[in-house]
Colleague: 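Attaching a single structure in structure tokens format; questions to follow.
Worth knowing before you read on, the calculation uses all heavy atoms, side chains too, and leaves out hydrogens, waters and symmetry mates.
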Amino acid sequence: MPVSPELPDHPDYRFTLANERTLLAWLRTGLALVAGGVAVATYAPDLGVRWGSAAVSLALVLLGLLTALAGYGRWRANEAAIEAGRALPSSLLVPAVVAAVTAVVVVVAVLVGVEVLRG
């Protein structure tokens with residue numbers, strides 16, 4: 001199939017590289033969430049209630065894993081759209097991660113409140 005003179009036979013590399021940098025940001029975010037989970041497990045063994053530290057740690061590690069995987073999925077979808085010359089697909093990834101992190105922060109706040117009231 002002949003290539004149209006208006007369209008190059010490959011996507012603009014700047015868009016591909018920007019998409020790659022965005023993927024790396026999602027991976028860093030996932031890694032930071034995992035590191036936070038490890039830190040809670042290590043440095044806050046009694047977080048309000050006996051199971052509090054374990055629950056928060058597990059939530060952060062799983063959230064980190066899901067963030068990294070979802071970022072990869074978004075990268076693949078964006079890459080396909082860039083290569084096809086389509087608009088980038090919309091995603092609920094950002095609101096979902098914000099909601100999940102907010103939920104973890106609320107749980108931590110409640111557990112810290114319980115710890116402070118006991119002490």
Side-chain angles (χ1 to χ4, degrees):
M1 171 154 59
V3 176
S4 167
E6 296 86 32
L7 297 175
D9 59 346
H10 60 81
D12 188 338
Y13 294 124
R14 294 173 294 177
F15 299 127
T16 300
L17 293 172
N19 191 35
E20 184 177 302
R21 285 190 302 274
T22 303
L23 168 63
L24 294 173
W26 282 107
L27 293 176
R28 282 190 304 271
T29 301
L31 184 59
L33 289 165
V34 169
V38 171
V40 168
T42 303
Y43 299 111
D46 287 332
L47 193 57
V49 294
R50 193 182 60 177
W51 51 265
S53 177
V56 170
S57 297
L58 183 61
L60 287 171
V61 169
L62 290 177
L63 183 57
L65 173 65
L66 293 176
T67 297
L69 291 174
Y72 176 76
R74 181 161 169 81
W75 172 78
R76 295 288 301 168
N78 287 348
E79 198 66 20
I82 290 168
E83 289 175 7
R86 297 186 316 261
L88 297 181
S90 62
S91 172
L92 295 176
L93 181 57
V94 173
V97 170
V98 169
V101 169
T102 300
V104 170
V105 169
V106 167
V107 169
V108 169
V110 169
L111 293 173
V112 168
V114 168
E115 182 78 19
V116 168
L117 291 175
R118 281 188 181 172

Colleague: Throw together a table of side-chain donor-acceptor distances under 3.5 angstrom for residues 103-114, partners on residues two or more places apart or in other chains.
Modeller:
none

Colleague: Filter on ring-ring contact (aromatic ring centres under 6.0 Å, His included), then keep only pairs touching residues 91-119, sequence neighbours left out; what's left?
Modeller: none
Colleague: Please list all pairs passing the ring-ring contact (aromatic ring centres under 6.0 Å, His included) test where one or both residues lie in residues 28-50, with sequence neighbours left out.
Modeller: none
Colleague: Determine which pairs satisfy ring-ring contact (aromatic ring centres under 6.0 Å, His included) with at least one residue from residues 87-119, sequence neighbours left out, and list them in order.
Modeller: none
Colleague: In residues 52-66, what donor-acceptor pairs under 3.5 Å come from side-chain atoms, sequence neighbours left out?
Modeller:
{"unit_1": "Ser53", "atom_1": "OG", "unit_2": "Val40", "atom_2": "O", "d": "3.2"}
{"unit_1": "Ser53", "atom_1": "OG", "unit_2": "Ala44", "atom_2": "O", "d": "2.8"}
{"unit_1": "Ser57", "atom_1": "OG", "unit_2": "Gly37", "atom_2": "O", "d": "3.1"}
{"unit_1": "Ser57", "atom_1": "OG", "unit_2": "Ala41", "atom_2": "N", "d": "3.1"}
{"unit_1": "Ser57", "atom_1": "OG", "unit_2": "Ser53", "atom_2": "O", "d": "2.8"}

Colleague: Table please: side-chain donor-acceptor pairs of residues 74-89 below 3.5 Å, with sequence neighbours left out.
Modeller:
{"unit_1": "Asn78", "atom_1": "ND2", "unit_2": "Asn19", "atom_2": "OD1", "d": "3.4"}
{"unit_1": "Glu79", "atom_1": "OE1", "unit_2": "Asn19", "atom_2": "ND2", "d": "2.9"}

Colleague: Verify the neighbour count for atom CG of Leu92: are there more than 12 heavy atoms of other residues, nucleotides or ligands below 6.0 Å?
Modeller: no
Colleague: Taking only residues at least two apart or on different chains, which pairs with a member in residues 89-119 satisfy ring-ring contact (aromatic ring centres under 6.0 Å, His included)?
Modeller: none
Colleague: I'd like to check the salt bridge (charged side-chain N to carboxylate O under 4.0 Å, His left out) partners of Arg118; sequence neighbours left out, ordered by chain and number.
Modeller: none
Colleague: Please examine the side chains of Leu17 and Arg21, heavy atoms only from C-beta on, and report whether any two atoms are closer than 4.5 Å.
Modeller: yes
Colleague: Just to verify, what does Val98 make a side chain to side chain contact (heavy atoms under 4.5 Å, CB included) with, not counting sequence neighbours?
Modeller: Val94, Thr102
Colleague: Is there a path of hydrophobic side-chain contacts, each under 4.5 Å between heavy atoms of I, L, V, M, F, W or Y residues, that connects Leu27 with Leu93?
Modeller: no
